[in-house]
Amino acid sequence: KPETRRYIDIADEEPQAGRGFFGIGGSSKEMQAAAPRPAAPRVENLEREIENLRGVIDELSGTRGTSAQPSGEVVSDELQQAMQDLVASGIEKRFARQLVKQAGFEMGEDERRDETAIQEHLATQMMREVEVKDILDGVGATSGNSSTTVIALVGPTGVGKTTTIAKIASLGILERKLRVGLINLDSYKVAAADQLATYARIMGVPFRSVNTKDELDQALHDFASLDLVLLDTTGRSQKDQESLLQLRHTLNGIENLRTALMVSATTKDTDLNEVAGRFRIFHPQGLVISKLDETSVYGCIYNLQKRTNLPLLYFTVGQRVPEDIERASAERVVDLILDL
Ligand SMILES: Nc1nc2c(ncn2[C@@H]2O[C@H](COP(=O)(O)OP(=O)(O)OP(=O)(O)O)[C@@H](O)[C@H]2O)c(=O)[nH]1
Ligand SMILES: [Mg+2]
C-alpha cells in the first residue's frame, strides 16, 4: 500500500511511495523505482504520515520491535551482527544502533562486509566518544596559598566507596606525593568508621570520624594544611530521597569540593540509570565504576557515560587495597566492550 511522503521528504517535488519508517533516508534508487501514488483524501494521508512518524520515533527510541536493523541506512549482515554483539555486551539498543549506523555511513562497500574492519571502526568511534578525567589533576599544585581539595565519594550501598577511598589515597600519596587525610562521615555506622580508620593507620595518614556538619567543618579546618582530603560517605539507596538531601546539605558549602559518583558495574542498567538521576543533586564531576572483575558485561559503562555526560574517573577491579584500582581510559572501555 503506497503512501505519500510529502511531509517527510520536504525537498521532493512529487509525492513518492514510502516504505514505512525504513523508507526514510532510503536509497534514491528505491524511491525512484516506486510509482507515484494516485491522489488520496488529505486527512487520510495525514493520519498515515502521523503513524509513520510515530514509527520513526519508536524506532529511534528503540521501543518498537526487536529487529536489529538500523533504520534507513546502509546495512550489511556483518553490520547487523556487530549491532547484535554490541547489544549482547550491554550497550543500550539506541546507542548500538547509532554506532552501527555511523559505521555503515562512514565505511566503504567492501569494509562493510569485513568484520575486522567493522570492529576497528566501532572501536575508533567509541574511543572518540568516551570521556575520561583525572580527578587528582591540579590537587596540591604548588601555588603559594595552596588550599585543600576535598573529594567526596557518594553512591549506593556496598559499591566499594570505603575501599576505593583507601585506594585513591594510596594513589595520591605514592604517585603524586600528596599530603592526604581521610574523613568518615556518618560514623553511626561503626564498622565503616573502623574500616577507614584501619586503612588510615596502615597508610599513616590523619583520620577523623564525624557525624554532623559542624564536626565536618572542624575536621576540615584541622586538615587545612593537607593537599587532599578524601571524604567517605555511607551508601544511600537512590530511593531514599530524604537521606540524599540530608547528605547534600552536609556537603553544601565545602570549599574546593569535588564529588564523584560511585556505582558498581554489576548493577542492572535500568537501576544505574535511576541511580545516576537521583545522585545528580550532588553535581558529581565524574564516575567511579567498581567491581569490573565481577561481571563480563561492560556496556553499562558506555551507557552511563553517554547518559550522564560525566567523565569516567576510576575503575576498581577487585578487593585488594590498594592494588585493585585503575585510572579510567577510553581504550580500556573499548577493549572491555568489544572484547579486543
Ligand atoms: N570484587 C570486588 N569487590 C569489591 C570491589 N570494590 C569493593 N569491593 C568489595 O565490596 C564490599 C563493599 O566494599 P565497601 O568499600 O565497604 O563498600 P561501601 O560502598 O563503602 O559500602 P557502604 O559504606 O556500606 O555503602 C567489600 O567486600 C569490598 O572488598 C571491586 O572492585 N571488586
Ligand atoms: Mg563504606
Side-chain angles (χ1 to χ4, degrees), residues 90 132 135 150-172 180-203 205 207-211 215-216 219 229-248 250-251 258-268 271-272 274-276 278-279 281-282 284 286-298 300-301 304 312-329 332-333 335-336:
V132 301
I135 200 167
V150 182
I151 296 179
L153 270 192
V154 298
T157 58
V159 292
K161 293 177 297 300
T162 305
T163 37
T164 302
I165 289 271
K167 291 171 182 176
I168 298 175
S170 169
L171 287 179
V180 178
L182 304 182
I183 295 179
N184 175 260
L185 190 61
D186 311 315
S187 51
Y188 61 85
K189 234 183 114 177
V190 176
D194 286 351
Q195 195 187 352
L196 198 64
T198 306
Y199 289 129
R201 200 167 51 243
I202 294 168
M203 289 188 282
V205 301
F207 168 78
R208 289 277 196 290
S209 182
V210 303
N211 277 308
E215 285 173 8
L216 175 59
V229 172
L230 293 163
L231 186 57
D232 189 18
T233 65
T234 34
R236 275 145 223 269
S237 160
Q238 72 273 15
K239 296 188 189 297
D240 189 350
Q241 188 76 1
E242 199 179 316
S243 165
L244 293 177
L245 289 170
Q246 184 221 329
L247 177 59
R248 189 183 65 169
T250 310
L251 299 180
R258 302 178 183 182
T259 305
L261 171 59
M262 179 147 190
V263 296
S264 163
T266 61
T267 306
K268 271 207 301 277
D271 291 336
L272 282 179
E274 190 185 353
V275 167
R278 296 296 179 107
F279 279 82
I281 58 166
F282 295 103
L287 302 165
V288 180
I289 318 272
S290 68
K291 310 200 183 182
L292 264 57
D293 57 306
E294 286 191 359
T295 181
S296 40
V297 179
Y298 301 101
C300 60
I301 303 174
L304 194 63
L312 301 167
L313 306 172
Y314 295 105
F315 299 140
T316 75
V317 293
Q319 292 186 293
R320 290 175 309 163
V321 179
E323 298 94 327
D324 290 333
I325 187 165
E326 297 174 12
R327 278 259 311 282
S329 77
R332 183 82 157 113
V333 177
D335 281 359
L336 288 168

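All of these numbers come straight from a predicted model, not from anything done at the bench. Nothing fancy with the numbering, it's 1 onward along the sequence. Remember, it's 1-based here, ligands and their atoms both numbered in the order they're listed.
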Between the candidates Pro156, Gly235, Ala265, Gly158, which shows the shortest non-hydrogen contact distance to atom 21 (O) of ligand 1?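 That would be Gly158.
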Using heavy-atom distances, let me know which of Arg236, Glu326, Gln319 sits nearest atom 3 (N) of ligand 1.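 It is Gln319 that holds the nearest heavy atom.
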Can an N or O of [X] be found at a distance shorter than 3.5 Å from an N or O of ligand 1?
X      : value
Ser290 : no
Lys291 : yes
Asp324 : no
Thr164 : no
Leu292 : no

Just by modelled atom types, is the [Y] backbone N or O under 3.5 Å from a matching donor or acceptor in the [X] side chain?
X      : Y      : answer
Ser329 : Arg332 : yes
Glu215 : Asn211 : yes
Thr250 : Gln246 : yes
Ser290 : Val159 : yes

Part of [X] with heavy atoms under 4.0 Å of ligand 1, whether side chain, backbone, both or neither:
X      : answer
Glu294 : side chain
Met262 : neither
Val317 : backbone
Asp293 : side chain

Run the salt bridge (Lys or Arg N to Asp or Glu O under 4.0 Å) test on Arg236 and Asp240 for me, step by step, so that the C-alpha distance in whole Å, both residues' side-chain angles and the decisive distance to 0.1 Å come before the verdict. CA-CA 7 Å; Arg236 275 145 223 269; Asp240 189 350; over 6 Å; no
What are the atoms of ligand 1, with element, lying closer than 4.0 Å to any heavy atom of Thr316?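 In order of number, 6 (N), 30 (C), 31 (O).
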Can you list the ligand 1 atoms lying under 4.0 Å from a non-hydrogen atom of Thr157?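 In order of number, 25 (O).
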Consider side-chain contact (heavy atoms from CB on, under 4.5 Å). Of Ile165, Ile151, Leu171, Leu230, which one does Val180 pass it with?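 Between Val180 and the candidates, side-chain contact (heavy atoms from CB on, under 4.5 Å) is satisfied uniquely by Leu230.
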Asp232 side chain to Thr162 side chain, donor-acceptor N/O pair below 3.5 angstrom: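 There is such a pair between these side chains.
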Would you mind reporting whether Ile301 and Leu292 have side-chain heavy atoms less than 4.5 Å apart?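 Answer yes - side chains close enough.
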Heavy atoms only: give me the nearest Ala166-Val321 pair and the separation to one decimal.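 Looks like CB-CG1, 3.7 Å.
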I'd like to know if the Mg ion (ligand 2) has an N/O/S atom from Thr163 within less than 2.8 Å of it, counting both backbone and side-chain atoms.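 For Thr163, the answer is no, given that no N, O or S atom comes within less than 2.8 Å of the Mg ion (ligand 2).
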